[in-house]
Number of protein chains: 2
Amino acid sequence: MPTISDVAKLAKVSVATVSRFLNDSGYVGKKSREAIKKAIQELDYVPSEVARSLSTKQSDIIGLIIPDIKNPFFPELARAVEDTAFEYGYTVILCNSDENELKEKHYFQTLTNKYVAGIILTSIFDQGTNFKKLKIPMVALDRPLEINIPTVTTNNIEGAKLATQFLIDKGATSLLCVGGPKEIRSSKLRVEGFQEIIKEYPIDSHIIESPYDFETAETIIFDYLKHNPTIDGIFACSDASAIGALKAIHKLNLSVPEDIQIVGFDGIQMGKVVSPSLTTVAQNIYQLGQAAAKMLIHQIEGKPLENTSVCINPKLIERETTRKERT
Amino acid sequence: MPTISDVAKLAKVSVATVSRFLNDSGYVGKKSREAIKKAIQELDYVPSEVARSLSTKQSDIIGLIIPDIKNPFFPELARAVEDTAFEYGYTVILCNSDENELKEKHYFQTLTNKYVAGIILTSIFDQGTNFKKLKIPMVALDRPLEINIPTVTTNNIEGAKLATQFLIDKGATSLLCVGGPKEIRSSKLRVEGFQEIIKEYPIDSHIIESPYDFETAETIIFDYLKHNPTIDGIFACSDASAIGALKAIHKLNLSVPEDIQIVGFDGIQMGKVVSPSLTTVAQNIYQLGQAAAKMLIHQIEGKPLENTSVCINPKLIERETTRKERT
DNA sequence: TTGAAAGCGTTACCAC
DNA sequence: GTGGTAACGCTTTCAA
């Protein structure tokens with residue numbers, strides 16, 4: 001691999017000049033410029049990222065910390081981040097935290113030690129102390145943190161309201177809200193949205209909690225429905241639990257949407273494929289990831305952020321787990 | 001951030017000694033050893049990966065190049081690779097190539113420029129020339145390449161045979177094999193396996209080709225089935241196309257498995273969730289990724305590879321798209 | 001056993 | 001406009 005000094009020699013200038021040329025910093029005469037261009041071409045020279053990082057204490061790597069890429073929500077998010085990073089010349093390191101605080105800390109260590117340019121984080125922890133120390137650009141994604149860093153989220157309350165209202169409009173009279181783990185703020189907000197609509201109507205409502213995992217959700221919902229046969233509408237705070245609900249209902253020999261209607265939340269691919277296909281409040285996952293990556297890169301490149309926080313509106317997608325007509 | 005020379009000063013030894021201590025290379029006296037340990041503790045010192053990379057021309061980063069993390073096959077693979085990397089102290093950069101040769105090349109550039117320790121690659125291109133130049137550790141994953149680098153794959157032929165035989169045993173008499181894009185070697189092998197079984201039986205068989213994407217697969221299969229109403233068994237070379245087949249059959253108002261039985265290939269999560277749930281030849285995706293990462297790390301650390309190529313047997317999972325009893 | 005110093009490939013300051 | 005050179009933080013060779 002040729003180095004900057006090879007280029008300098010060939011172009012008959014100093015390394016300093018080549019460096020200035022490369023970074024567009026300081027003056028470089030016309031003739032030098034041409035000579036350097038030619039030399040770079042000829043040698044097929046590419047600056048060493050590593051050396052550059054050592055010198056500037058900054059790399060072109062972005063760290064992406066998510067709970068688990070296997071969770072169907074994250075591949076698309078990761079893809080959006082990677083695409084955007086690619087577009088701006090960055091590269092992304094993928095970290096699966098498993099929502100484990102220790103692992104998350106470890107990754108922070110590792111990433112900062114690599115002089116990453118910035119970090120995008122989907123975390124349930126609110127490590128005010130951990131983060132403040134390192135003043136590296138960050139953005140929180142999907143799950144708002146209490147601490148004050150730029151954040152990209154879906155408008156969870158709005159989405160939940162949309163879903164709940166829809167269920168009511170479709171004639172549901174006894175609603176069950178399946179919330180997610182209470183540590184997850186977005187889940188709390190969705191439940192809040194549910195409640196806000198409910199309190200405007202004189203209808204029966206129930207709230208339970210379940211992990212975002214369709215197998216567990218299925219058994220929890222199965223039990224609950226067995227003991228509460230009046231329920232005829234379910235708002236699940238994630239598509240995963242909505243799918244669990246679907247299976248639970250089938251097991252009870254009831255049918256969807258005739259006996260019970262379901263609206264999920266997230267808009268993952270799987271929702272299209274189950275039958276009946278899932279009516280859901282779809283987050284614009286790609287846009288979420290893209291916005292986060294752009295905000296991060298803006299920070300990295302020292303551009304001012306117009307908004308310190310972006311909130312993307314979800315969209316209700318009507319499919320087959322809700323009734324076509326109002327009953 | 002403290003540096004090695006801070007440690008050296010505090011421990012009253014030279015940087016060279018600290019370095020030797022850190023890397024377990026060369027002698028370090030007992031007293032120095034203790035002093036260094038203490039100094040490291042006190043300063044909370046962590047060696048700079050970047051500086052180390054510049055010096056050794058090798059980092060602790062592994063590059064993972066896959067077509068698209070959104071493709072349901074890859075998240076689990078990526079997770080396995082990341083887990084294994086984590087366990088051994090490596091970190092992974094995620095690259096989505098979109099099966100685009102240019103993009104793939106670009107990533108190779110970028111990765112080698114970062115002195116990555118090694119690369120795991122799932123590619124349909126056989127860039128003999130591109131690869132040979134860079135003699136960095138590599139392993140090919142899932143899709144065998146023609147060139148001679150260590151490879152981890154599923155036993156595709158065996159899996160296809162399993163599926164085909166199963167369909168025949170369940171009474172299918174006119175089989176359709178839905179192959180994937182012909183550039184993908186694993187898909188070719190699956191079709192081969194299908195043919196090997198077929199030729200032993202006096203039954204009707206058809207082979208068509210479809211991208212690994214359930215929407216396109218659905219329309220292709222729909223058309224084909226319409227013109228070939230005798231078909232009563234489908235072996236799809238991917239779960240995605242199997243799901244497409246399922247939808248196509250429903251659209252034709254036929255039922256699964258009564259009219260047509262289906263067996264997929266891959267074992268992605270979605271297969272569990274469709275209804276009827278998908279009988280499939282499941283690859284052990286996690287094991288695939290883990291094996292690849294281990295092989296790579298072995299190479300990186302200069303340990304001899306026992307096998308230059310690992311082939312993992314898939315397993316038939318019987319679910320609901322095939323009949324319970326032989327007809 | 002240990003330390004001095006060169007080298008890894010850049011950047012950036014300062015003098016010319 | 002340009003070049004010399006220290007500095008980034010580490011490894012490694014060589015001599016002591």
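All chains are named by letter (A, B, ...) in the order of the sequence lines, taking the proteins before the strands, and each is independently numbered beginning at 1.
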Do S187(B) side-chain atoms and G180(B) backbone N/O form a donor-acceptor pair below 3.5 Å? yes
Does anyone know the first and last nucleotide of DNA chain C in reach of chain A, 5' to 3', at under 4.0 angstrom to a heavy atom? dG9(C) to dA12(C)
Going 5' to 3' along nucleotides 5-16 of chain D, which nucleotides have protein heavy atoms under 4.0 Å from the base (write B), which only from the sugar-phosphate (write S), and which from neither (write -)? B--BBBBB----
Within the structure shown, what part of the strands sits under 4.0 Å from S32(B) by heavy-atom distance: base, sugar-phosphate, or nothing? sugar-phosphate
Do [X] and [Y] meet the criterion of a side-chain donor-acceptor pair at a distance under 3.5 Å?
X	Y	answer
N96(A)	Y107(A)	no
T3(B)	S5(B)	yes
R52(A)	N23(A)	yes
S123(B)	E104(B)	yes

Just checking, K103(A) and F86(B): is the charged tip under 6.0 Å from the six-membered ring centre and within 45° of the axis? yes
Please assess D60(A) against K114(B) for the test salt bridge (Lys or Arg N to Asp or Glu O under 4.0 Å), listing each intermediate value before the final yes or no. CA-CA 10 Å; D60(A) 60 0; K114(B) 289 188 171 23; 2.9 Å; yes
Charged N to carboxylate O under 4.0 angstrom, K70(B) versus D98(B)? no
